[in-house]
Amino acid sequence: MYQSEHIRNVKASRVQVDEIWAFCQSKQKNVAPGNQGILGHGDVWTYTAIDADSKLMISYMVGKRDADYALAFMTDVYSRLANRVQLTTDGHGAYLNAVPDAFGTDVDFAMLVKHNGVGTPTEQQRYSPAKLIDAEKRPITGNPDKRHISTSYVERSNLTMRMGMRRFTRLTNGFLKKVDNLEHAVSLHFMHYNYARIHKTLRVTPAMEAGLTDHVWTLEEIAALAQ
């Protein structure tokens with residue numbers, strides 16, 4: 001709740017968006033027929049949007065990787081920005097409608113579409129994707145600067161999530177049984193990431209760099225928000 005209320009009017013210039021996979025209850029292939037399509041059973045995706053300059057995680061959302069959630073997420077991202085931005089997403093097709101529906105013409109939008117090789121049978125059995133062949137920069141609307149069409153920062157943030165939260169480890173027995181608990185875990189992670197974790201390059205927290213706070217938060221301050 002704190003981040004939802006206080007991460008507002010963010011003055012960003014470049015925003016990067018991606019999604020990160022996890023699962024609840026069971027892997028998708030093991031979901032019971034009666035629970036197919038219900039959020040919290042099988043695949044669960046966390047949408048993330050980061051300010052490329054301050055490294056602030058502007059918005060995040062746990063849900064399905066579909067058009068409805070993509071629109072809800074982009075609408076939330078737009079509501080938190082103070083100005084027009086250059087927005088880069090991955091190649092998820094739902095963004096082609098979600099971004100203009102949420103931002104209208106008030107955005108310079110581009111996609112970074114990555115093409116992977118087919119790989120050998122051994123490589124296909126791994127959890128990591130096949131070898132990257134190339135990354136295509138696709139301007140979609142507005143006038144995005146091709147030099148800044150990138151998802152590198154948001155992908156690095158997703159790696160931090162995988163390393164910092166056991167439930168996002170691909171081969172894990174630490175997965176959650178309830179999607180609500182996943183949402184709470186993600187919220188706590190980003191509260192610490194935004195307000196308490198000093199970024200090595202910036203030497204301050206993302207929230208300090210973005211002008212949302214004047215100090216590094218302690219764990220006691222974060223815990224006090226739950227009271």
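All values reported here derive from a predicted model rather than from experimental measurement.
One hydrophobic cluster, built from ILVMFWY side chains closer than 4.5 Å, cannot hold both Leu112 and Val85; they sit in different ones. Put simply, Met57 and Val216 are part of two different groups of oily side chains (I, L, V, M, F, W, Y) that touch within less than 4.5 Å, one to the next. Both Tyr95 and Ile140 belong to a common hydrophobic cluster when Ile, Leu, Val, Met, Phe, Trp and Tyr are linked at side-chain heavy-atom distances under 4.5 angstrom. Under the 4.5 Å side-chain heavy-atom criterion for ILVMFWY residues, no single connected hydrophobic cluster contains both Leu56 and Ile198.
Distance alone, capped at 3.5 Å, is enough to place a donor-acceptor pair between the Thr205 side chain and the Met208 backbone. Under the 3.5 Å distance criterion, the side-chain polar atoms of Arg8 are left unmatched by any main-chain donor or acceptor of Arg80. With hydrogens and angles ignored, the 3.5 Å screen pairs no side-chain donor or acceptor of Asn158 with any backbone N or O of Met161. With hydrogens and angles disregarded, no donor-acceptor distance shorter than 3.5 Å links the side chain of Asp43 to the backbone of Lys64. Not a single donor-acceptor pair under 3.5 Å links the side chain of Ser157 to the backbone N or O of Tyr153. Using modelled atom types, one side-chain atom of Arg84 and one backbone atom of Thr105 make a donor-acceptor pair closer than 3.5 Å. For Glu209 (side chain) and Asp53 (main-chain N/O), no donor-acceptor pair under 3.5 Å exists by modelled atom type. Proximity of a side-chain donor or acceptor of Ser4 to a complementary backbone N or O of Met1 within less than 3.5 Å is not detected. Judged by distance alone, with hydrogens and angles left aside, the side-chain atoms of Glu221 form a donor-acceptor pair with the main-chain N or O of Thr218 at under 3.5 Å.
Aromatic ring centroids of Trp45 and Tyr47 lie 6.0 Å or more apart.
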* To do: For the pair Thr89 and Thr151, evaluate side-chain contact (heavy atoms from CB on, under 4.5 Å) and give the outcome as yes or no after the intermediate values.
  => CA-CA 7 Å; Thr89 71; Thr151 55; 5.9 Å; no
* Step by step, would you call Tyr78 with Thr75 a side-chain contact (heavy atoms from CB on, under 4.5 Å)? -> CA-CA 5 Å; Tyr78 181 61; Thr75 300; 5.9 Å; no
* **side-chain hydrogen bond (donor to acceptor under 3.5 Å, both in side chains) between Ser152 and Arg156, intermediate numbers included** => CA-CA 6 Å; Ser152 296; Arg156 181 60 182 83; over 6 Å; no
* Full working for side-chain contact (heavy atoms from CB on, under 4.5 Å) between Tyr2 and Ser187 -> CA-CA 10 Å; Tyr2 182 89; Ser187 180; over 6 Å; no
* To do: Please lay out, stage by stage, how Gln86 and Ile149 fare under the test side-chain contact (heavy atoms from CB on, under 4.5 Å).
  => CA-CA 8 Å; Gln86 174 162 328; Ile149 298 176; 3.8 Å; yes
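Counting heavy atoms from C-beta on, the side chains of Val107 and Thr141 come closer than 4.5 Å. Side-chain contact check for Ile7 versus Leu212: some heavy-atom pair is nearer than 4.5 Å. In this structure, the side chains of Tyr195 and Gln3 come closer than 4.5 Å at one or more pairs of heavy atoms. For the pair Thr201 and Lys55, the minimum side-chain heavy-atom distance is 4.5 Å or more. By the 4.5 Å heavy-atom criterion applied to side chains, Asn83 and Lys11 are counted as neighbours.
Considering only residues two or more places apart in sequence or on other chains, Asp145 meets the salt bridge (Lys or Arg N to Asp or Glu O under 4.0 Å) condition with Arg147. Not a single salt bridge (Lys or Arg N to Asp or Glu O under 4.0 Å) links Arg203 to another residue, sequence neighbours left out.
Classified by interplanar angle (parallel below 30°, tilted 30° to 60°, perpendicular above 60°), the ring pair Tyr193/Phe190 is perpendicular.
Residue Ile222 comes nearest to Ala196 through the heavy atom pair CD1-CB, 3.9 Å, listed as atom of the first residue, atom of the second, then distance. Between Ser54 and Asp51, the shortest heavy-atom contact is OG-OD2, 2.7 Å.
A salt bridge does not link Lys114 with Asp18: every distance from a Lys NZ or Arg NE/NH1/NH2 to an Asp or Glu carboxylate oxygen is 4.0 Å or more.
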